[in-house]
Protein chains: 2
Amino acid sequence: MANIRDLAKEAGVSVATVSRVLNGHPYVSEEKRKAVWEAVEKLNYSKNIQAVHLAKGRTAIVGVMLPYIHHPYFSAVIEGISKEALRYGYQLLLFQTNYEVERELEALERLRMRQMDGLIVCSHEVDWEVFDAYQEDGPIVLCEQVERYDFFTVYIDHYQAFVRALRYLIKKGHRRIGYCIGRTTGPNSQARAAAYQDVLREVGALPRRQWVFDGCLFLEDGKRVMEQWIAMEERPSALLVTSDQVAAGIVLHARRIGVRIPDELAVIGFDNDPLAEMLGITTVALPHFTLGERAFRLLHHWLETGRVARKQEELPAQLLVRDTA
Amino acid sequence: MANIRDLAKEAGVSVATVSRVLNGHPYVSEEKRKAVWEAVEKLNYSKNIQAVHLAKGRTAIVGVMLPYIHHPYFSAVIEGISKEALRYGYQLLLFQTNYEVERELEALERLRMRQMDGLIVCSHEVDWEVFDAYQEDGPIVLCEQVERYDFFTVYIDHYQAFVRALRYLIKKGHRRIGYCIGRTTGPNSQARAAAYQDVLREVGALPRRQWVFDGCLFLEDGKRVMEQWIAMEERPSALLVTSDQVAAGIVLHARRIGVRIPDELAVIGFDNDPLAEMLGITTVALPHFTLGERAFRLLHHWLETGRVARKQEELPAQLLVRDTA
DNA sequence: TTGTACGCGTTATCAT
DNA sequence: ATGATAACGCGTACAA
């Protein structure tokens with residue numbers, strides 16, 4: 001493949017001039033400019049972007065760390081990131097981790113190796129401490145509320161969102177309340193657990209371990225929850241379900257087996273997935289797409305200017321009352 | 001940041017030796033090896049991957065071109081690609097195109113600039129001719145059946161899949177048959193259109209333009225289709241719906257407005273989405289995840305060995321009869 | 001307006 | 001086993 005030196009020879013100019021022409025710099029005579037472009041044409045030249053990256057010390061690539069892609073929540077976040085990245089001429093490098101520590105560390109190492117200019121972490125397993133250690137290698141944006149460390153973050157206040165949904169259920173007269181969650185680790189999950197404890201105690205209701213359903217991510221998990229629920233001696237009368245997919249699974253399976261919702265079981269989902277709207281599921285709308293957008297913008301603004309208005313940004317959640325609670 | 005020369009100086013060896021140690025080459029004395037690793041530690045050294053890429057002429061990065069991410073079909077394909085990429089130590093660079101020609105060309109230009117070793121095209125708008133022109137710049141895998149050009153392809157025979165579903169409907173006595181599709185352009189869509197024409201004519205039934213519903217991608221589109229259907233003077237008695245999301249939208253809205261399925265309207269979805277299973281939707285199971293896997297493997301095998309068993313691979317589709325047709 | 005020369009950080013070849 | 005040195009291809013400071 002032809003390189004910049006071949007072009008220079010062909011066009012009868014210096015490599016510096018070639019570079020200037022290629023990058024649209026001023027102070028190049030029209031005839032040399034023309035000669036260079038003709039050489040480009042003739043030699044079928046194309047820039048080697050790797051060399052550009054090396055020479056400039058930046059890549060206009062942003063890494064995206066996330067456990068899996070095939071999930072409405074994460075694919076919405078990426079879509080938001082992607083849209084903004086496109087807009088500002090950045091590219092996205094994907095790091096799927098499956099919540100494996102090994103994978104997460106590898107992504108961080110890539111930041112250290114300067115493969116990308118920054119990293120957006122959608123969700124993770126390793127401790128904040130680890131991320132903190134990598135902050136000197138490049139800007140990192142976390143999609144969660146962080147205490148004790150000084151990170152760039154864009155987040156939803158899951159504690160408050162949970163509190164609001166719980167209070168709503170309590171106002172409706174519920175005291176036996178449980179919830180479904182994707183996993184129990186991770187700050188978002190822990191915030192929810194705390195809210196659950198706090199609010200229930202507040203009204204003298206009993207938080208029960210067996211009313212917390214773990215591993216709830218997909219539609220099928222909702223079916224499983226419903227099967228467990230029906231088999232229980234003491235059933236909760238209401239469930240907070242941190243994914244509308246799961247909530248939909250619950251509602252659909254309930255219909256099938258003749259459990260009346262919300263009379264026998266009230267359900268509040270999270271996300272405001274189109275599926276929740278279609279099924280009339282009461283839900284806490286979460287701005288996932290916007291979360292991705294803002295995460296990218298924060299990173300981008302930092303990369304381009306070296307400063308930001310504020311390092312933390314909170315996004316609102318909103319309870320949408322429909323038919324299931 | 002410390003570089004390899006700093007290491008050499010610190011360890012009292014040459015850069016060549018440093019490189020050997022860093023890459024685990026043999027023929028290095030134990031003491032020098034130790035000295036180098038100590039220098040790495042002391043100077044907090046990390047490789048610059050951009051320089052590695054430049055020097056080696058390859059990146060172990062694969063590009064993925066797709067219109068959007070936030071859709072069950074595409075996110076399943078990526079998940080398949082991602083899983084295999086992880087396994088073989090490759091990284092994924094995302095090119096979201098929104099089916100805009102401009103974006104697609106940009107992705108191809110990136111291949112030309114050697115930003116990645118190869119490209120997987122999940123779906124696209126531009127003509128095959130364009131892709132053909134870029135084949136010399138790196139291996140390209142298309143996820144569709146291609147005639148007239150010699151591409152790497154992994155595909156589902158959508159013509160046959162459609163034929164089989166249509167024949168099933170006809171055997172059930174349906175003659176007024178329509179279908180829902182994501183878009184009308186693109187080889188997969190055209191194969192389906194051809195199957196529709198061919199099979200209906202075969203039995204003397206009438207293919208009708210107004211029974212072809214375009215722009216059907218998401219759940220909400222199913223609702224829209226149902227509203228259009230109910231408003232029709234002459235309604236089809238059966239619909240092939242090329243996305244289970246849309247099929248679910250149809251089925252759910254039908255329930256709501258009291259349209260009996262399959263009696264008044266038979267529905268066959270595509271994908272075998274969990275939602276289809278939960279709703280008892282008859283569907284044509286399509287191996288999206290596997291498609292992604294195979295696409296990556298094909299590319300990977302070519303990159304590593306320079307040859308493949310065969311450049312084209314067909315994946316099976318299977319009709320799963322449930323309750324809606 | 002143009003060219004020379006060096007820097008970016010590695011890898012790889014070729015001596016020794 | 002080890003070291004000089006030449007690629008890899010581009011950007012740019014500096015000089016002219």
Side-chain angles (χ1 to χ4, degrees), chain A residues 1-40 43-61 109-117 137-138, chain B residues 1-40 43-61 109-117 137-138:
Chain A
M1 283 239 84
N3 63 28
I4 202 178
R5 262 183 301 278
D6 300 326
L7 283 184
K9 193 174 296 172
E10 177 68 31
V13 300
S14 72
V15 291
T17 298
V18 171
S19 179
R20 289 188 191 104
V21 172
L22 257 32
N23 295 296
H25 290 176
Y27 306 130
V28 179
S29 72
E30 207 42 58
E31 57 178 342
K32 301 220 170 193
R33 198 177 289 277
K34 187 158 156 268
V36 169
W37 283 121
E38 278 171 5
V40 165
L43 301 183
N44 190 26
Y45 168 84
S46 179
K47 246 187 221 201
N48 183 321
I49 201 79
Q50 303 164 8
V52 175
H53 288 168
L54 179 59
K56 301 183 72 138
R58 52 186 297 278
T59 60
I61 292 175
E109 276 303 319
R110 290 294 175 153
L111 181 64
R112 213 168 128 63
M113 295 183 198
R114 280 143 291 184
Q115 182 165 24
M116 54 240 191
D117 298 339
D137 299 310
Chain B
M1 285 239 82
N3 63 28
I4 203 177
R5 260 183 299 279
D6 299 327
L7 284 184
K9 194 174 296 175
E10 177 68 30
V13 299
S14 72
V15 291
T17 297
V18 172
S19 180
R20 289 189 190 99
V21 173
L22 257 31
N23 295 295
H25 290 175
Y27 307 129
V28 179
S29 71
E30 208 42 59
E31 58 177 342
K32 302 219 169 189
R33 198 177 289 277
K34 187 158 156 269
V36 168
W37 283 121
E38 279 172 4
V40 166
L43 301 183
N44 189 26
Y45 168 84
S46 178
K47 243 186 222 203
N48 182 322
I49 200 78
Q50 302 164 10
V52 176
H53 287 167
L54 178 59
K56 301 183 75 137
R58 51 186 298 279
T59 59
I61 293 175
E109 276 303 320
R110 291 293 174 154
L111 180 64
R112 201 149 185 274
M113 295 182 195
R114 279 143 292 183
Q115 182 163 24
M116 54 240 190
D117 297 341
D137 299 310

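Letters A, B, ... are given to chains in the order of the sequence lines, protein chains preceding strands, and every chain is numbered from 1. The figures here come from the full heavy-atom set of this structure, side chains too, leaving out hydrogens, waters and symmetry mates.
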Legend entry - Gln50(A) to Gly57(B) - nearest heavy-atom pair and separation: OE1-CA, 4.4 Å
Legend entry - Least distance between heavy atoms, Met116(A) atom then Thr59(A) atom: CA-OG1, 3.5 Å
How long is the line joining [atom1] of [X] and [atom2] of [N], in whole Å?
X: Arg5(B); N: dT10(C); atom1: CZ; atom2: P; value: 8 Å
X: Asp6(A); N: dC10(D); atom1: CG; atom2: P; value: 9 Å
X: Leu7(B); N: dT10(C); atom1: CG; atom2: P; value: 8 Å
X: Asn48(A); N: dT10(C); atom1: CG; atom2: C1'; value: 14 Å
X: Arg58(B); N: dA12(C); atom1: CZ; atom2: P; value: 11 Å
X: Lys9(B); N: dG9(C); atom1: NZ; atom2: P; value: 13 Å
X: Lys56(A); N: dA13(D); atom1: NZ; atom2: P; value: 12 Å
X: Gln115(A); N: dG9(C); atom1: CD; atom2: C1'; value: 15 Å

Inset, instruction - Have a look at Ser19(A) and say if it touches a base, only the backbone sugar-phosphate, or nothing, with a 4.0 Å heavy-atom cut-off. - result: base
Inset, instruction - Under 4.0 Å between any heavy atoms, over every strand shown, what does Val13(A) touch: base, sugar-phosphate, or nothing? Just pick one. - result: sugar-phosphate
Legend entry - Point-to-point distance, once rounded to the nearest 0.5 Å, from CE of Met1(B) to CZ of Arg114(A): 5.0 Å
Legend entry - Asn3(B) side, atom CG; Leu43(B) side, atom CG - distance, nearest 0.5 Å: 9.5 Å
If you compare every side-chain N and O of [X] against the phosphate oxygens of [N] (OP1, OP2), does one of them come in below 4.0 Å?
X: Tyr27(A); N: dT12(D); result: no
X: Asn3(B); N: dT10(C); result: no
X: Thr17(A); N: dG3(C); result: yes
X: Lys32(B); N: dG3(D); result: yes

Legend entry - Closest-nucleotide ordering on DNA chain C, the 5'-leading residue of Leu54(A) and Arg20(B): Leu54(A)
Inset, instruction - Taking the side chain as every heavy atom from C-beta outward, state whether Leu7(A) and Leu22(A) have any pair of such atoms under 4.5 Å apart. - result: yes
Let's see if you can work this out: which of [options] has an atom nearest to the side-chain heavy atoms of [X]?
X: Tyr45(A); options: dC10(D), dA1(D), dT10(C); answer: dC10(D)
X: Ala16(A); options: dT4(C), dG11(D), dT2(D); answer: dT4(C)
X: Val15(B); options: dC10(D), dT5(D), dA1(D); answer: dT5(D)

Inset, instruction - Let me know, please, whether Ala51(B) or Gly12(B) comes out on the 5' side of the other along DNA chain D by nearest nucleotide. - result: Gly12(B)
Legend entry - Upstream residue (5' side of DNA chain D) when Ala55(B) and Ala55(A) are each assigned their closest nucleotide: Ala55(B)
